Amino acid sequence: MHIRFDRAGDRFEFVADFVLEAPLVDLSQEPDGEARLREIVDDEARTPFDLVNGPLARACIVRLSADKHVFVFTGHHIICDGWSLNVFVDELAAAYAAILRGETPHLEPALSFATYATDLAPKPETSGETEQFWLDQFRDIPDLPEMPLDRTRPENRTFAGGTCTGYIDGEVYKALKKAGAKSGATLFSTLLATLQVMISRLSHQQDIVIAIPSAGQSLIGDRILVGHCVNLLPLRQSVSPGESFLSHLKATQQLVFQAFEHQAYTYGTLVRKLGVKRDSRRLPLTEIQFNLERVAGGGTFGDLKAKMAPNPKAFSNFDMFFNMIEGKDNIRIDVDYNADVFDRSTIERWIGHFSTLAAALAGDMVTEISKLPMMTGDERDWLIERLNKTSVEYERDQMMFSLFSRKAAEQPNAVAVEYAGNVLTYGELEAKSNQLALYIRKTIPEPGQRVALLVERSLEMIVALLAIMKAGHAYVPMDPSHPEERLRQTIEVARIGGMICDSDAMARLVMASVPVIRIDKDVKAINAMKEAVLKNLPSDPEAPAYVIFTSGSTGAPKGVEVSHRALTNFLVSMAKEPGFSATDTIVAVTTISFDIAGLELYLPLVTGGKVVIADRQQVQDGFALVDLIGRSGATALQATPTLWQMLVEAGLKERPGLKMLCGGEPLPKELAKSLLGAGGELWNMYGPTETTIWSSVQRIADADAPITIGHPIANTQLYILDESQDLVPIGVTGELCIGGDGLASGYFDRLDLTEKAFVPVSFNGGPPKRLYKTGDIGRRLADGSLQLHGRRDQQIKLRGFRIELGEIEAVVSKTPGVRQCAVVAAENKKGDQSLVCYVIPDASGTELVSAELSAHAKASLPGYMVPSFWVTEKELPQTPNGKLDRKSLQQRGVPQREAQVIRIKPRTDMEEKLLAIWQDVMHLSEMSVDDNLYALGADSLMIFRIAARMLDAGLPLEAKHLLRHPSIAELAAFAETQSELDQSTAQYRVPSLKDFRKGARRGLERAL
């Protein structure tokens, strides 16, 4: 407390006559003294210290009542640590006791901090054996744990923080300590091992590094030492889900022993020795710290009842510091956290998870780590039951076509469908679909076949869809614009029993033995069925209504078989929410080969509404589509974000009566803002083909709020599960799994894929539920809504289409001259995605031409699956375990022309001054004014020294400016916009705590 530092940070001086003032702040007359005390403590946490002029410690005594006082002490960490505070409290107690006896306190002289720093503290030049221990621990550099953040990391840290407090109650504390001791572990190691498990479970990573403090005072025997003597020891431990906690605990205990045996090696030395790549947003090696301390109790304060507690923090260097305090009757858990990325509620929830883990371990330490509970029974019940209370009665035995027939009987003269100015009423559509159904039965007499539908968008298209279902078959919707090879492949995999088409080209796709119905040529034969009556309509709601083919990872498409009941449940649910009635009109824009077309075509027909079918040209021309929306009087439109963006740019606006359904890919915030300004209700829709079109909905009313996929539709359940198929807590990422009436029957003719994707899962020992594993990564928010965060496999959504990157790679790899390839979805600066294919030529040396590669892909793949960019490489990047590093390719973004690295020399006097300082401090001779400070390897000490040198040079710059402008060019540009400041004005004014007297809150005045 007696020392001050010079501005360069490499010297300090001793102030012999320093006195720690402790003014009295009387709050005894305040209506809520405790609240005012919290304000004082909070303000103390936010008031900075002046390291040059001091003081580096502050104190006051707060009177809450005649017999209750609080001594508030705040010291900069640079002059004291936890051990030092215990010394301080013990000496304060001894002095108090001496004064009570009327004696002068006599305290043992403390060791000089300078002596400790120069002679006793751990040095970089430590023993070879100690250094080798730590280098062996980090033979490879582990990834930092990707904790589930509440916000993305800012480019420039503010170091804003907070503190949350929780407790492990007495019974659990004693049982846990006893169980750990029985296993040969200290309470320190037991709690550390528990924290390792929690961090592993929250981050889904097994290689965990947590820093623990080593007190330098432990190296000097019985001598007294006050100061910052902490050295962090980064403990790296593997957490195996299948291992028992007991086994993990024993390994952790041994690691703790070994670490303390080799504690004479500094954290900073290790980081420099390893050459860890620095990131301005994150700390090297670990961002999590743990400590266990005991309540200071060495001294007593006479007859006073005294207790000690740490003050909450307002700033934090680590993402999380779990500081646990062992008391007589419990364990107090204080967590200092990084408020840039975490909400207070998140940290409070994690403290709860830690306590739940501790309680479980207190009773049983041999449980597998993956099976240890982190949630209470009530938390699990909320996630399993209360968020999925979607049971709604509906006509389970009805089918889409029977619901339509009912409407046709009720309103035969109402317009059902319109295309290119032509219309069909409900009565006409019913009659025409019945006629075609009779003709299909005649042509394809064996029921339960799969019938391919390959027709252009038209009135006949919707007639055929209804007719196939009424005839007792399942339709296989296909797009005539797809490559011929792709269509043939789908026809072969589907093992179709017949085809309905409208062109010679499509008819030639099948063998002569396959029955073909030409709706353009067989009109007379179909109309001949006018007098016949369609009888014996299908009655099995579990029979397939359609088989729709999506991209497959093996290079062949896979068919999803969806039942009539699943389709009926979906339509009935959609009619209620987002809502559709007999007065509504929807414009259908989606190809029938994309399952969401089912909503556009069928929802109006089962509710008595109207569907207007847009032709292919209108869908591709935003202006034409906007015009159609206006002319048709549309009250609803469903589209992908890509198509909605096109409509916005084409002038869609002032449509307050238009209900907008957006799905197929993530809804960008900016697009949501535009749509909310252009139309009426905006709904975000989500659902994989395997769960029948959409499985969840969310009305978007505020585009600035997190955009989520909302809540499940009727008779549908949504769960976020981990790799062991158990629930993950709120905020933690996992795989979204879906259950309920919307589940598909499976993949046609692929039992292997079906059993892998549709799995039985049991919760809390109950009966198993059939769930579909979507492969989508998501998390529950605190309000129960769901937020998605990409895929766990190589599947992507692009412009609404589901694409398996492996299917594209399988096609491209067959191109002559290609030895290997990899496809990624890369983003440009605007966030737009494009497919990029990286190719490696084979040994023949054939030159790979982008146009030829693209032509080969187009021959087999739909246009949306053909890469936009082709890049030839010598080798593809690999991960440390030899696998393709797809993430590295993705991070390259959309390819650009290679730019030659140029060293940019200083162009202004300010840049010249800054370059000289940077080069001198960092000992670098070659430097460009556009080099990034962190890319050059700067650490916190270097930043401080650069800042000190800049101030000494009279430049109006501080360390915070370095963090915000981490290149010479940026920093110089900023500096030149600032007025010249007198260095004295760059001092902090440390206000007096006396300002709190009479209830007046002091203001903080800082010269920034």
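Remember, predicted model here, so these are calculated numbers, not experimental data.
- Every residue was checked against the side-chain contact (heavy atoms from CB on, under 4.5 Å) condition with Glu261, not counting sequence neighbours, and none meets it.
- Looking at heavy atoms from C-beta onward, Leu92 lies in side-chain contact with Phe301 at the 4.5 angstrom threshold.
- Among all heavy-atom pairs drawn from Leu249 and Thr190, the shortest one is CD1-CA, 3.6 Å.
- Residues Thr47 and Thr74 have side chains not in contact (no heavy-atom distance under 4.5 Å, counting atoms from C-beta outward).
- In this structure a side-chain-to-backbone donor-acceptor pair under 3.5 Å is missing from Arg63 to Lys68.
- Atom CD in Glu326 sits 4.5 Å away from atom CZ in Arg294 (nearest 0.5 Å).
- Heavy atoms only, all atoms of each residue included: Ala179 and Met365 are closest at CB-CE, 3.7 Å.
- Partners of Pro241 according to the side-chain contact (heavy atoms from CB on, under 4.5 Å) rule, which considers only residues two or more places apart in sequence or in another chain, are Gln206, Ser370.
- Listed for the Arg151 side chain is a donor-acceptor partner under 3.5 Å among the backbone atoms of Ala339.
- Nearest heavy atom pair, residue Met320 against residue Ile199, reads CE-CD1, 4.0 Å.
- Taking the side chain as every heavy atom from C-beta outward, Pro234 and Trp134 approach each other to under 4.5 Å.
- Residue pairs meeting the salt bridge (charged side-chain N to carboxylate O under 4.0 Å, His left out) criterion with at least one member in residues 364-381, sequence neighbours excluded: Asp378-Arg386, Arg380-Asp726, Asp381-Arg386.
- With sequence neighbours left out, the side-chain contact (heavy atoms from CB on, under 4.5 Å) criterion links Ala35 to Asp32, Arg38.
- Across every non-hydrogen atom of Ile288 and Pro145, the tightest pair is CD1-CG, 4.2 Å.
- Here Leu144 contributes atom CG and Gln205 contributes atom CD; the two are 8.5 Å apart, rounded to the nearest 0.5 Å.
- Residues satisfying the ring pair (Phe, Tyr, Trp, His ring centres under 6.0 Å) criterion with Tyr173, sequence neighbours excluded, are absent altogether.
- Listed by chain and number, the residues in a ring pair (Phe, Tyr, Trp, His ring centres under 6.0 Å) with Tyr719 are Phe763 (sequence neighbours excluded).
- The shortest distance between side-chain heavy atoms of Gln137 and Val209 does not fall below 4.5 Å.
- In this structure, CZ on Phe73 lies 9.5 Å from CE on Met308, to the nearest 0.5 angstrom.
- For the pair Asp722 (side chain) and Ser724 (backbone), a donor-acceptor distance under 3.5 Å is present.
- The neighbour count for Glu348 CD, taken as heavy atoms of other residues, nucleotides or ligands under 6.0 Å away, is above 12.
- Sorted by first and then second residue, the salt bridge (charged side-chain N to carboxylate O under 4.0 Å, His left out) pairs involving residues 179-188 (not counting sequence neighbours) form an empty list.
- Using a 4.5 Å cut-off on side-chain heavy atoms (C-beta onward), Val197 and Leu361 make no contact.
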### Query
What's the verdict on side-chain hydrogen bond (donor to acceptor under 3.5 Å, both in side chains) for Ser345 and Asp343, showing C-alpha distance, side-chain angles and the deciding distance?
CA-CA 5 Å; Ser345 58; Asp343 289 333; 4.7 Å; no
### Message
Go through it in stages, so that I can follow the logic: the residues are Ser247 and Ser244, the test is side-chain hydrogen bond (donor to acceptor under 3.5 Å, both in side chains), and I'd like the CA-CA distance, side-chain angles, deciding distance and then a yes or no.
### Response
CA-CA 5 Å; Ser247 176; Ser244 74; 4.7 Å; no
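- Put simply, the side chain of Ser183 never gets that close to the backbone of Leu246: no donor and acceptor are under 3.5 Å apart.
- Applying salt bridge (Lys or Arg N to Asp or Glu O under 4.0 Å) to Arg153 and the options Asp279, Asp340, Asp319 leaves one that passes, Asp319.
- Partners of His77 by ring pair (Phe, Tyr, Trp, His ring centres under 6.0 Å), not counting sequence neighbours, listed by chain and number: His228.
- Pairs passing the ring pair (Phe, Tyr, Trp, His ring centres under 6.0 Å) check and including a residue from residues 181-214, sequence neighbours excluded, read Phe188-Phe290.
- The backbone N or O of Phe159 lies less than 3.5 Å from no partner atom in the side chain of Asn317, so there is not a single donor-acceptor pair.
- Judged as a ring pair (Phe, Tyr, Trp, His ring centres under 6.0 Å), not a single pair has a partner in residues 355-377 (not counting sequence neighbours).
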### Task
Could you please spell out the steps behind the salt bridge (charged side-chain N to carboxylate O under 4.0 Å, His left out) verdict for Glu146 and Arg282?
CA-CA 11 Å; Glu146 294 299 333; Arg282 311 192 70 174; 3.1 Å; yes
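- Of the possible polar contacts, one joining the Arg58 side chain to the Glu44 backbone as a donor-acceptor pair under 3.5 Å is found.
- A distance of 10.5 Å separates OG in Ser200 from CD in Gln237, rounded to the nearest 0.5 Å.
- Here the straight-line distance linking atom CD of Gln253 with atom CZ of Phe257 works out to 4.0 Å at 0.5 Å rounding.
- For the pair Trp350 and Val335, the minimum side-chain heavy-atom distance is 4.5 Å or more.
- For the atom pair Asp150 CG and Thr346 OG1, the distance stands at 3.0 Å (nearest 0.5 Å).
- In this structure, Arg349 contributes its side chain and Gly731 its backbone to no donor-acceptor pair below 3.5 Å.
- What you find for His353 and Pro729 is that their closest heavy atoms are NE2-CB, 3.2 Å.
- No donor-acceptor pair closer than 3.5 Å links the side chain of Asp169 to the backbone N or O of Asn330.
- Between Glu108 and Arg223 the shortest side-chain heavy-atom distance does not fall below 4.5 Å.
- At most 12 heavy atoms of other shown residues, nucleotides or ligands fall within 6.0 angstrom of atom CD in Glu723.
- Considering only residues two or more places apart in sequence or on other chains, Phe318 meets the ring pair (Phe, Tyr, Trp, His ring centres under 6.0 Å) condition with none of them.
- Between Ser203 and Ile208, the shortest heavy-atom contact is OG-CD1, 4.2 Å.
- Checked against Asp334 for a side-chain hydrogen bond (donor to acceptor under 3.5 Å, both in side chains), the options Thr165, Asn291, Asn311 give a single hit: Thr165.
- Using a 30° and 60° split on the angle between ring planes, Phe88 and Phe71 fall in the parallel class, below 30°.
- Without hydrogens or angle criteria, Asn323 side chain to Asp336 main chain gives no donor-acceptor distance under 3.5 Å.
- Residues in residues 236-248 take part in these salt bridge (charged side-chain N to carboxylate O under 4.0 Å, His left out) pairs, two or more places apart or across chains: Asp140-Arg236, Asp207-Arg236.
- Within the 4.5 Å cutoff, side-chain heavy atoms of His262 are placed close to those of Thr130.
- No donor-acceptor pair closer than 3.5 Å links the side chain of Arg344 to the backbone N or O of Tyr337.
- A salt bridge does not link Glu131 to Arg272: none of the charged side-chain nitrogens sits closer than 4.0 Å to a carboxylate oxygen.
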